[in-house]
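Data block below; observations after.
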Amino acid sequence: MTSAADPGAERTPRTTARGRGAIALGIIVLAVLTLWRVVLPARDGGPHDFTGATMGTTYTVRIDAPLTAGERATLADTIQARLAEVDALMSTWDTASELSRFNRHGSSEPFPVSPLMIEVMRIALDVGRQSGGAFDVTVAPLVDAWGFGPAGEPQNLPDERMLADLRARTGQDLVRIDSAHQALVKIDARTVLDLSAVAKGYGVDRVADALAASGLRSYLVEVGGELRVGGPKLDGTPWRIGVEQPDPGARRVHRTIDLVDAAVATSGDYRNFFERDGRRWAHIIDPRTGRPVPYAGASVTVLHDRAAVADAWATALTVLGPLQGLDVAERANLAVVFITRTDSGFVVSGSTRFGQRFDRAAPDTSQR
Ligand code: AMP
Ligand code: MG
């Protein structure tokens, strides 16, 4: 019986050489795909959030990228390690921190410090100079005297004589950086430093720099309200940040700002204040008077490439207030916006640079 005479043979065509090739290719593709899944574990599309506690506050990091479980775990460790490092260097609350050890060093001999401490001090002294002393890292004795330091509330608040005495021990020309020895030097051996107004921002920068170095493009890093974003989000749209209304009673977004590759810090008298003699006072000292900044229902938001610089400026501009602060911000070419409470509502005043770079910032009406 020939195949030609067999009708069944016509219905079942023999496998040709081309067909066999296609099957082999299919098997190879399947094998590669299977191997691929074994060798390269599944990626979760994200965004991925990492949260925790640091520097007496909380942090949130959002990474907008597909990550494997292993990559997630490594990034969580990196984030924690970077924040713990800044805390271990710059905390005034931790008696073993590098800063606390420098503060106890009662001598004008150079005190060797880490490169990170030198970097933060350069930023602090630079903002101190440009703000005419409104930002002052030597403000620690006044911070303690008013009861915002680690020791808590004192029995008696400082009187005029004590203030005069404490003010004589403050001023940033009482400390200098000795670059040759990578050290800090006290001009007055009693000088003590407080880096609380810049350290959170610096921690944000340290984390953001680590994420960028590991090849990530889209991320948001926030520590205690100071934040920095990398790139736009994965879908190409900017990160949208809410700026709060300076209102102690309500947590309301007053404005939103769209950000790409930028840092934002907000300072104000409305969130961290204390009440005494029927008045409210901010936890920020005006080094010119030695007294806390009186509550006025104001906030200032500063945008900059580096969160540490934005953080320091936000504190400095809170001391200066909207009028003088805007002048100083213009001179320093800063992008800042003040929100001030008045009898007829909140008044918003931005610097020229803020208007140029962030004119898309608009009052957010969705939460009213
Ligand atoms: P921030 O929340 O960034 O505005 O920092 C406020 C903290 O900075 C306060 O709790 C003080 O420890 C410290 N501080 C207060 N006044 C000043 C000042 N004029 N310059 C620098 N640091 C200050
Ligand atoms: Mg600050």
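Ligands are counted one by one from 1 in listed order, and the atoms in each one are counted from 1 as well.
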*Atoms in ligand 1 flagged as close to Asp311, the criterion being non-hydrogen separation under 4.0 Å*: 3 (O)
*Using a strict cut-off of 4.0 Å, indicate which atoms of ligand 1 neighbour a heavy atom of His283.*
9 (C), 10 (O), 15 (C)
*Among Val139, Asn103, Asp136, Thr92, which one satisfies side-chain contact (heavy atoms from CB on, under 4.5 Å) with Leu193?*
Asn103
_Looking only at side-chain N and O atoms, does Glu98 offer a donor or acceptor that is under 3.5 Å from a partner on Ser114?_
yes
*What atoms of ligand 1 come within less than 4.0 Å of a heavy atom belonging to Ile284?*
4 (O), 15 (C), 16 (N)
*So, Thr315 and the Mg ion (ligand 2): N/O/S under 2.8 Å, yes or no?*
yes
*For ligand 1, which atoms sit closer than 4.0 Å to a heavy atom of Thr315?*
1 (P), 3 (O), 4 (O), 5 (O)
*Any chance the side chains of Ser299 and Thr266 put a donor and an acceptor closer than 3.5 Å?*
no
*Ala312 near the Mg ion (ligand 2): N/O/S under 2.8 Å*: no
*asked:* For a distance under 2.8 Å, tell me if Glu226 has an N/O/S atom near the Mg ion (ligand 2).
replied: no
*Would you check if there is a donor-acceptor pair between the side chains of Ser97 and Ser100 at a distance under 3.5 Å?*
yes
*Compute the shortest N/O to N/O distance between Pro287 and ligand 1 and return yes if it is under 3.5 Å, no if not.*
no
*asked:* Minimum distance, heavy atoms only, to atom 13 (C) of ligand 1: which one of Leu320, Asp194, Val137, Thr138 is it?
replied: Asp194
*Between Phe111 and His105, how do the two ring planes meet: parallel, tilted or perpendicular, split at 30° and 60°?*
tilted
*Between Ala197, Ala134, Pro150, Ala314, which one has a non-hydrogen atom sitting closest to atom 18 (C) of ligand 1?*
Ala134
*Single hit among Leu227, Thr60, Val61, Ile79 for side-chain contact (heavy atoms from CB on, under 4.5 Å) with Val221*: Val61
*asked:* Determine whether Val309 and Trp313 satisfy the following criterion, side chain to side chain contact (heavy atoms under 4.5 Å, CB included), listing intermediate values before the conclusion.
replied: CA-CA 6 Å; Val309 179; Trp313 268 115; 3.7 Å; yes
*Which of the ligand 1 atoms, numbered from 1, are nearer than 4.0 Å to a heavy atom of Lys200*: 2 (O)
_For Leu303, run the side-chain contact (heavy atoms from CB on, under 4.5 Å) check against Leu334, Ile257, Val336 and tell me which one passes._
Ile257
_Within-shell test, Phe135 vs ligand 1, heavy atom, strictly < 4.0 Å_ = yes
*Would you mind running through ligand 1 and noting each atom that sits below 4.0 Å from a heavy atom of Val139?*
14 (N), 17 (C), 22 (N), 23 (C)
*Does a donor on one side chain and an acceptor on the other come within less than 3.5 Å for Glu330 and Thr352?*
yes
_As a test of reading the structure, name the N/O/S atom of Asp311 that is nearest the Mg ion (ligand 2)._
OD1
